[in-house]
Amino acid sequence: MPQSSSMRLQFNRLPVEEPHAVVAPHDASIPFNRPSIVGRELDNIVQAIRRGQLSGDGHFTAECNAIIARLTGSASALLTHSGTAALEMAAILCDLKPGDEVILPSFTFVSTANAVVLRGATPVFVDIDPVTLNLDPAKVADAVSPRTRAIFAVHYAGFPADMDALAAIADAHGLLLVEDAAQALGSTYKGRPAGSLGDMGAFSFHETKNILSGEGGALTLNAPQLADRARIIREKGTNRSQFIDGLVDKYTWVDLGSSYLPGELIAAFLHGQLEHVGEITRRRRRLFDRYLEGLAALPERYGIGLPRWNPAVRGNGHMFYLLLRNAAQRSAFIAAMREAGVGTPFHYVPLHSSPGGQHFGRTAGEMEHTDRTAERLVRLPMFFDLEDGIERVIDTCLQVVTRLDGSRASC
Ligand SMILES: Cc1ncc(COP(=O)(O)O)c(C=O)c1O
C-alpha cells in the first residue's frame, strides 16, 4: 500500500532525552554496565534521516572518521560496524595467509585471534606481564619465528601495552604492529594516544565501551598505502570510495574485501558521544580513582590485587578490576555481590585453553600469568552514570571481602 504523507513518521515529535538521561530502565541493583545518552545522539539520528542517506559513508561517518583520527593522533580513521570488523580489516591489510603466524596474548577477546584464523594464519599465544596484564615483550621476542608476520598487541583495561618495546621487536623482524585498542580510546603511552602507536589500531564502540553506539568500531591507519587499501577492503573490495570522491568514473571489484561499513544511524549516534569524549573520559577516570582510593586497603589486608600499570601510560578509566586470591574466592565474591544487587562479572577465558584456541592456535612458552590472572579477575561496575552508585559498590565490596575473609579464617 502506498504511504500517504499523513502516515509518515513525524520525526520532529520524537521525544529527545535530556543530556545525561539513562537509556535503560533500572531498578535498585547496580549492573556491570548501563549505556547512557550523553548529548545529541537522538537529534543526530533524526538529522541523519532528514539528510536522506541511511547507508554508510555519509555526513556523520565522515565527521566521526575525522574526530577519531584527531583524537587518536593517527593519520586517518575509518568507522567500521564493530571492533571485530576493524581487526578483520587489519588482518587483511597484514596480507596474512596460511602458514603465517601472528603473536598475540591469550588473555584477550576472541576477536583478536579470530581475525587471524579467518585469514588461514595461526595465532601464537604469548603470556602477559603479571603487573600490566599486557603482552610481555621479552616473551614476544622469544616467540618470533621465520613465519611471524605481525604482532597484535591488546591494551587491556584501556592501559596501553609497552609499545616501544614491541615496536623495536617488530622493526627488527620486519613485522606489522597492530593495536587492539578496543578498550583504549583516550588512553596514552608516553603522551602519545592509543591508535597512533602501531601501524594500525582497532577500536570498539560496543555498548560496554567508554564511547558507544551499541555495536561499532573504527580502524586507525598510520601509513598512506594502508589507508588507501583499507577503504577498498571496507567497501566489499571495490573502489567505490574513489568513485564517490570523483577519482574514477565507475567502480568495480579490485581487491579482497567485505562489508565493514556501519550505516549512518550508528554514525549519527556515535557522533553525539564523540562530541563529549573529554567529559566521558574525565568522569570515568574520576570513578576509577575513587575505586582505587575506596578499596586501597584490599591488597595489604586481604591479599586482593588492584589494577597496576606502567607509569609511562595513562588509562582512560575503561575498567576497574580486582584480583581475588583464587578461583574459589572469586566465585564466592561474584555470588555474594550478585545477592547484594551488584554485577561483577569475570572476564576472559584464556584463548589457549579454549577449544577454538587449541584447534586453531599454539602457545609459545608458559601461560602462567594468563592462567593465574584469568581465574582471579572480576570487573566492578563502570559506566557514565555510576556516580550515584559507586559508594554502594565500594561499601558492598568491603563488606563481602571482610565476610569471605572471616569465613576463611574460621575454616
Ligand atoms: C580486546 C578486545 N578486542 C576486540 C573486541 C571486539 O570488539 P566488538 O565487540 O566491537 O566487535 C573487544 C570487545 O569487547 C575487546 O575487548
Side-chain angles (χ1 to χ4, degrees), residues 32-33 35 64 68 72 77-92 102-118 123 125-126 128 132-135 150-161 163 166 177-187 194-195 197-198 200-220 234 258-263 266-267 269-270 273-274 284 307 313 315-321 345-352 354 356-357 361 370 373-374 377-379 382-383:
F32 165 64
N33 180 57
C64 290
I68 294 165
T72 59
L78 292 173
L79 279 199
T80 58
H81 56 65
S82 62
T84 300
L87 286 162
E88 288 179 18
M89 286 181 62
I92 297 174
V102 172
I103 296 174
L104 72 166
S106 167
F107 190 65
T108 182
F109 193 63
V110 60
S111 299
T112 326
N114 233 336
V116 173
V117 174
L118 282 167
F125 302 117
V126 165
I128 48 171
T132 64
L133 310 190
N134 283 323
L135 273 178
I151 302 169
F152 281 20
V154 175
H155 301 326
Y156 186 69
F159 289 112
M163 293 303 285
L166 294 174
L177 182 55
V178 175
E179 299 175 69
D180 182 338
Q183 305 171 11
L185 191 77
S187 303
L197 306 168
M200 296 168 251
F203 290 86
S204 169
F205 303 118
H206 181 261
E207 72 167 16
T208 50
K209 303 301 186 289
N210 292 23
I211 300 294
L212 56 99
S213 54
E215 305 286 347
L219 183 68
T220 56
R234 179 164 158 272
S258 188
S259 181
Y260 292 123
L261 184 60
I266 289 285
F269 190 100
L270 184 68
Q273 295 258 318
L274 284 169
R284 294 183 75 118
V313 312
N316 59 354
H318 173 62
M319 184 198 300
F320 194 93
Y321 60 82
F346 57 84
H347 211 180
Y348 307 132
V349 174
L351 296 182
H352 74 275
S354 67
T370 299
T373 300
L377 187 142
V378 289
R379 295 171 289 163
M382 179 61 95
F383 49 87

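For ligands, and for the atoms within them, numbers begin at 1 and follow the listed sequence. Excluded from the calculations below are hydrogen atoms, water molecules and symmetry mates; all remaining heavy atoms, backbone and side chain alike, are included. Every value quoted in this text rests on a predicted model; they were computed, and no experiment measured them. All residue numbers refer to positions in the sequence shown, counting from 1.
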Any idea which heavy atoms bring Leu166 and Ala153 closest together, and the distance?
CD1-CB, 3.7 Å

Across all chains, not counting sequence neighbours, the side-chain contact (heavy atoms from CB on, under 4.5 Å) partners of Leu274 are Cys64, Ile67, Ile68, Leu71, Leu185, Ile211, Leu270

Do Phe205 and Phe269 have ring centres separated by under 6.0 Å?
no

His155 side chain to Ala161 main-chain N or O, any donor-acceptor pair under 3.5 Å?
yes

Identify all N/O pairs between ligand 1 and the protein with a separation under 3.5 Å and present them as a table of atom names and distances.
unit_1: ligand 1; atom_1: 3 (N); unit_2: Asp180; atom_2: OD1; d: 3.1
unit_1: ligand 1; atom_1: 3 (N); unit_2: Asp180; atom_2: OD2; d: 2.7
unit_1: ligand 1; atom_1: 10 (O); unit_2: Gly83; atom_2: N; d: 2.8
unit_1: ligand 1; atom_1: 10 (O); unit_2: Ser204; atom_2: OG; d: 2.7
unit_1: ligand 1; atom_1: 11 (O); unit_2: Gly83; atom_2: N; d: 3.4
unit_1: ligand 1; atom_1: 11 (O); unit_2: Thr84; atom_2: N; d: 2.9
unit_1: ligand 1; atom_1: 11 (O); unit_2: Thr84; atom_2: OG1; d: 2.5
unit_1: ligand 1; atom_1: 14 (O); unit_2: Lys209; atom_2: NZ; d: 2.7
unit_1: ligand 1; atom_1: 16 (O); unit_2: Gln183; atom_2: NE2; d: 3.0
unit_1: ligand 1; atom_1: 16 (O); unit_2: Tyr348; atom_2: OH; d: 3.4

Which label fits His347 and Phe107: parallel for a plane angle under 30°, tilted from 30 to 60°, or perpendicular past 60°?
perpendicular

Grab the two heavy atoms, one from Pro105 and one from Phe152, that are nearest each other, plus how far apart they are.
CD-O, 3.4 Å

